[in-house]
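Throughout, residue positions are numbered sequentially from 1 according to the sequence presented.
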Amino acid sequence: MSTFTALDVQDVRFPTSRDLSGSDAMNPDPDYSAAYLTVRTDAGDAGTSLVFTIGRGNDVQGAAIAALAPHVVGRDVEEVLADLGGLHRRLTYDSQLRWLGPEKGVMTMAIGAVVNALWDLRARREGRPLWLTLASLTPEEPLDLVDLRYLEDALTREEALEILRRGAEGKQERIDTARERGVAAYTTTPGWLGYSDEKLTRLLHEAREDGFEMVKLKVGADPADDERRMRIAREVMGPGFPIAVDANQRWDAPSAIEAIRALAPHDPYWIEEPTYPDDVLAHAAIREAVAPVRIATGEQGANRVLFKQLLQAGAIDVLQADATRVAGISENLAILLLAAKFDVPVCPHAGGVGLCEMVQHLAFLDAVAIAGEDSRRRIEFVDHLHEHFEVPVRIERGAYMPPEEPGGGARMHEASVRDHLFPVGPVWRELAAQDARVVAPSDAATGASADTVARSTADETATAAR
């Protein structure tokens, strides 16, 4: 027997705003960050997870995760790992915390962090990657993990079981195929909104050379810029090459329809997040107006109920599950089952900090045990920050190759965590010092000492970043 002893949350931030990596129409200066969770036991092992934010969200997210400690600390590890569906329900239905949602927002993401960390621990104890731990369940076992409340008008328990039983047929063959060929990726690396046309062009050429068969551009800040960048991408990649675009919720429905029609001559493969992520009817109206251009969304989807409504309304062509937005593996299992019921491909959202490493497990599970082989399935890939993870993603010939190491993928190198702790890690201290050196010469004429300016600038930098 072993017992959970702590939920340790650390504030890890990467200064990506300095080179505009990750920039888009709604998020012009993100610092890719992680509220980084380690669930410890008195047996000396631990489960790891994270919630992706883009900076000061870590302050709020870390507090939310810590609020869940009474549900875990002091409990028997083996008992909890044997009933992770029960733990998910206890966290979700804590009435005082549920009041803040229910089942959406910061608390739901915090629940996801705890649930995912416990699955990481279970997979490590079984000596398998998370996707294989989940794929090894019998068809009946996932139904004990999934909360079907609010879903049975769209997905009954019997329908979910039938999907899982179909997924069990030929499962080993699909596992073998996944290990040989992987799952197709697409790359967003060239398309950040802050990049110059020259950088866009260079990175598009590199994407093709690396074997990617789809790319994505950010749009939504300025129509003329969007058209120019899409034209450049089409000229570089050639006719018929899939080029998706992502508006990151920038438009209302009429504006989205107008903007998509303006881009249509360049043959966009899909339009992602064309409007407010919870507006099901607006997505349906946009999809009807711009067909046959595909509509994709989901990275901001808070829970299974929203995805149910998007699917019931025929509002999307592509469902973009996220590893850290919803309440963990249990919630994402429900979303994968819903997508399979409505025959809508799941193309997971990734990028960020650790999202590629984590979300690939959902895609491989879907490919081998739920929806099965689907040529429409692609996993997003962004080529930065992978070096900080113990098991970084492995891309070969434009495809994700399945991880074989135990766990769920979120564990970082200890040195990376230490160096990027905010605001005391050496990376952030050095940036504060650099900013101070830039400011100091111009202030010298006012009589302020360089030491005074340096201290002031460092304090302001840390305060603003918080």
Side-chain angles (χ1 to χ4, degrees), residues 12-34 50-55 182-196 199-220 229 233 237 242-248 269-270 272-273 296-300 318 320-325 346-363 377-389 391-401 403 409-410 412 416 420:
V12 180
R13 307 189 195 186
F14 297 86
T16 52
S17 62
R18 300 295 172 122
D19 63 5
L20 298 182
S21 294
S23 56
D24 59 52
M26 291 295 278
N27 306 291
D29 59 347
D31 280 328
Y32 273 19
S33 305
L50 59 83
V51 175
F52 170 58
T53 84
I54 58 170
V183 169
Y186 73 89
T187 180
T188 308
T189 298
W192 300 116
L193 208 57
Y195 288 177
S196 67
K199 188 170 184 177
L200 167 64
T201 300
R202 174 174 59 81
L203 292 174
L204 286 169
H205 282 294
E206 291 178 6
R208 183 186 286 281
E209 292 166 2
D210 290 339
F212 290 101
E213 297 182 354
M214 177 174 165
V215 297
K216 187 170 76 181
L217 307 184
K218 298 291 186 174
V219 298
R229 295 171 71 252
M237 307 310 282
I243 303 173
V245 300
D246 183 357
N248 289 98
Y269 185 76
W270 75 48
E272 182 174 333
E273 284 200 315
T297 198
E299 70 178 79
Q300 298 275 350
V318 178
Q320 296 175 300
D322 184 274
T324 74
R325 177 67 60 177
V346 176
C347 297
H349 167 247
V353 177
L355 294 187
C356 294
E357 281 73 16
M358 295 176 70
V359 81
Q360 63 180 331
H361 291 271
L362 297 175
R377 179 187 296 109
R378 292 177 170 91
I379 313 173
E380 184 173 19
F381 174 72
V382 178
D383 189 16
H384 60 221
L385 304 177
H386 303 297
E387 67 275 13
H388 299 291
F389 289 84
V391 184
V393 293
R394 187 162 51 101
I395 303 292
E396 297 180 5
R397 306 177 302 278
Y400 275 79
M401 302 307 293
M412 294 187 194
S416 292
H420 293 86

Show the atom names and distances, to 0.1 Å, of all donor-acceptor pairs under 3.5 Å that link a side chain in residues 346-353 to residues at least two apart or in another chain.
unit_1 : atom_1 : unit_2 : atom_2 : d
His349 : ND1    : Asp322 : OD2    : 2.6
His349 : NE2    : Glu299 : OE2    : 3.4

Practice problem: Please test Tyr400 against Ile395 for side-chain contact (heavy atoms from CB on, under 4.5 Å), starting from the C-alpha separation and ending with a verdict. | Solution: CA-CA 5 Å; Tyr400 275 79; Ile395 303 292; 3.7 Å; yes
Quiz item: From His388 NE2 over to Glu357 CD, what is the distance, rounded to the nearest 0.5 angstrom?
Solution: 10.5 Å
Self-check item: Interatomic spacing from CD1 in Ile379 to OG1 in Thr187 - rounded to 0.5 Å
Solution: 13.0 Å
Self-check item: Distance, nearest 0.5 Å, that separates CD1 of Ile54 from OH of Tyr32
Solution: 8.0 Å
Practice problem: Kindly write out the residues that satisfy side-chain contact (heavy atoms from CB on, under 4.5 Å) with Ile243, not counting sequence neighbours, or none if the list is empty. | Solution: Val215, Leu217, Met230, Ala233, Arg234, Met237, Phe241
Practice problem: Without swapping roles, check the side chain of Ser17 against the backbone of Asp31 for a donor-acceptor pair under 3.5 Å. | Solution: no
Exercise. For Ala410 and Phe389, work out which heavy atoms get closest and say how close.
Key: O-CE2, 3.4 Å
Quiz prompt | With sequence neighbours excluded, residues passing salt bridge (charged side-chain N to carboxylate O under 4.0 Å, His left out) with Arg202 | solution = Glu206
Quiz item: Taking C-beta and beyond as the side chain, do Leu50 and Met358 meet within less than 4.5 Å on heavy atoms?
Solution: yes
Practice problem: List for me each residue that meets salt bridge (charged side-chain N to carboxylate O under 4.0 Å, His left out) alongside Glu273, sequence neighbours excluded, and say none if there are none. | Solution: none
Practice problem: Please collect all salt bridge (charged side-chain N to carboxylate O under 4.0 Å, His left out) contacts where either partner lies in residues 379-389, sequence neighbours excluded, each pair once. | Solution: Lys216-Glu380
Quiz item: With a 4.5 Å limit on heavy-atom distance, are the side chains of Phe212 and Phe381 in contact?
Solution: yes
Quiz item: Which word best sums up how the rings of Trp192 and His384 line up, parallel for under 30°, tilted for 30 to 60°, or perpendicular for over 60°?
Solution: parallel
Quiz prompt | All salt bridge (charged side-chain N to carboxylate O under 4.0 Å, His left out) counterparts of Arg377, not counting sequence neighbours | solution = Asp366
